[in-house]
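Report on the structure given below.
Below, all heavy atoms of this structure are taken into account, side chains as well, without hydrogens, waters or symmetry copies. All values reported here derive from a predicted model rather than from experimental measurement.
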Amino acid sequence: MIYMSLRLSLLSMRITVVLLAILMLVQAALAGGFLGGHYDMLAVHGLVGRVLTVVALLTAVAAFFVRRSGGPAPVFPVSVVLVVALVGQIALGEMHSVPGHVLLGVILVGATAVLTQRVMTTPLPAQADATPGGTVEPEPSK
């Protein structure tokens, strides 16, 4: 059985959601550039979209460990929905369904912002032993 402390799993998820949020902003900029006439940005937009989906999958894995170790319950299902929606987003892009692709993109940016805010404002627990039921030794007094 794999065990990960809540602190470590939250730190992992913080890293992935910040990366996810940054990539979402990059995607919006690339889409705007493409729609503004810089057609070479479309290929990069597609590549970043696939990378974004992998990062979202890593976020869902981290969210699983956050939830499993007693963290906030909603982060896992929201993370899984993001992965599914990003797969749908890739499909819409490949089908050249611009209205659906843009609408889902806006929804994804909003959902990522809310998830990022939720994860970043969840307090980190004090550093503890990495074993289940481990105890924290008090610091020696000076």
Side-chain angles (χ1 to χ4, degrees), residues 1-36 38 40-142:
M1 176 171 81
I2 297 175
Y3 178 79
M4 186 181 272
S5 71
L6 178 56
R7 181 180 178 83
L8 182 57
S9 57
L10 268 173
L11 285 171
S12 299
M13 190 164 185
R14 283 183 176 190
I15 291 167
T16 60
V17 296
V18 166
L19 185 55
L20 194 66
I22 291 168
L23 288 170
M24 284 285 184
L25 293 175
V26 168
Q27 277 297 77
L30 290 168
F34 169 72
L35 293 173
H38 301 279
D40 54 330
M41 290 187 169
L42 185 59
V44 179
H45 180 76
L47 175 65
V48 172
R50 285 165 174 73
V51 170
L52 213 156
T53 305
V54 171
V55 172
L57 184 59
L58 294 173
T59 300
V61 170
F64 170 79
F65 285 108
V66 166
R67 181 64 199 120
R68 187 169 181 206
S69 54
V75 296
F76 180 62
V78 170
S79 299
V80 171
V81 168
L82 275 176
V83 173
V84 172
L86 282 165
V87 170
Q89 182 71 329
I90 290 171
L92 288 170
E94 292 293 328
M95 293 185 311
H96 305 288
S97 175
V98 176
H101 188 73
V102 170
L103 176 61
L104 184 54
V106 171
I107 293 168
L108 283 165
V109 168
T112 300
V114 170
L115 179 63
T116 302
Q117 183 274 336
R118 172 74 174 155
V119 171
M120 296 304 286
T121 58
T122 299
L124 283 176
Q127 187 141 4
D129 188 8
T131 59
T135 59
V136 178
E137 294 293 323
E139 290 185 22
S141 58
K142 295 182 182 180

Checklist entry - Which heavy-atom pair separates F76 from A63 by the least distance, and what is that distance? => result CA-CB, 3.8 Å

Checklist entry - Checking side-chain contact (heavy atoms from CB on, under 4.5 Å) for the pair M120/V18: CA distance, chi angles, key distance, verdict? => result CA-CA 9 Å; M120 296 304 286; V18 166; 3.9 Å; yes

Checklist outcome for this item: Taken to the nearest 0.5 Å, the spacing of H45 NE2 from H101 NE2 works out to 3.5 Å

Next on the checklist: Can you confirm whether V61 sits close enough to S12 that some side-chain heavy atom of one is under 4.5 Å from a side-chain heavy atom of the other?
Outcome noted: no

Item to check | Heavy-atom closest contact (V83 atom, A60 atom, distance) | outcome: CG2-CB, 4.2 Å

Checklist entry - If you take all heavy atoms of P72 and T122, which pair is closest and at what distance? => result CG-OG1, 3.9 Å

Checklist entry - Would a 4.5 Å heavy-atom cut-off, applied to side chains only, mark S79 and M13 as touching? => result yes

Next on the checklist: Could you walk me through whether R14 and L124 satisfy the side-chain contact (heavy atoms from CB on, under 4.5 Å) test, starting with their C-alpha distance in whole Å, then the side-chain angles of each, then the deciding distance to 0.1 Å, before giving a yes or no?
Outcome noted: CA-CA 10 Å; R14 283 183 176 190; L124 283 176; 3.7 Å; yes

Next on the checklist: What's the separation between atom CG in L6 and atom CZ in R67, rounded to the nearest 0.5 Å?
Outcome noted: 10.0 Å

Checklist entry - When rounded to the nearest 0.5 angstrom, what distance separates CG in L30 from CG in D40? => result 10.0 Å

Next on the checklist: Quick check for you: to the nearest 0.5 Å, what is the distance between L58 atom CG and L19 atom CG?
Outcome noted: 9.0 Å

Item to check | Qualifying salt bridge (Lys or Arg N to Asp or Glu O under 4.0 Å) pairs, either residue in residues 89-103, two or more places apart | outcome: R50-E94

Next on the checklist: Please give me the minimum heavy-atom distance between T16 and A62, naming the atom from each residue.
Outcome noted: OG1-CB, 4.4 Å

Checklist entry - What closest approach, in Å, do R118 and P74 show between heavy atoms, and which atom pair accounts for it? => result NH2-CD, 4.3 Å

Checklist entry - Do L82 and L108 pass the side-chain contact (heavy atoms from CB on, under 4.5 Å) test, and can you show the C-alpha distance, the side-chain angles, and the key distance before you say yes or no? => result CA-CA 7 Å; L82 275 176; L108 283 165; 3.5 Å; yes

Next on the checklist: Set out, in order, the CA-CA distance, both residues' side-chain angles and the distance that settles side-chain contact (heavy atoms from CB on, under 4.5 Å) for L52 and L86, then state yes or no.
Outcome noted: CA-CA 8 Å; L52 213 156; L86 282 165; 3.7 Å; yes

Checklist outcome for this item: What one should report as the nearest heavy-atom pair of A21 and T116 is CB-OG1, 3.9 Å

Checklist outcome for this item: In this structure, OG of S69 is separated from CG of L8 (nearest 0.5 Å) by 9.0 Å

Checklist outcome for this item: When rounded to the nearest 0.5 Å, the distance separating CG of L42 from CG of L47 is 11.5 Å

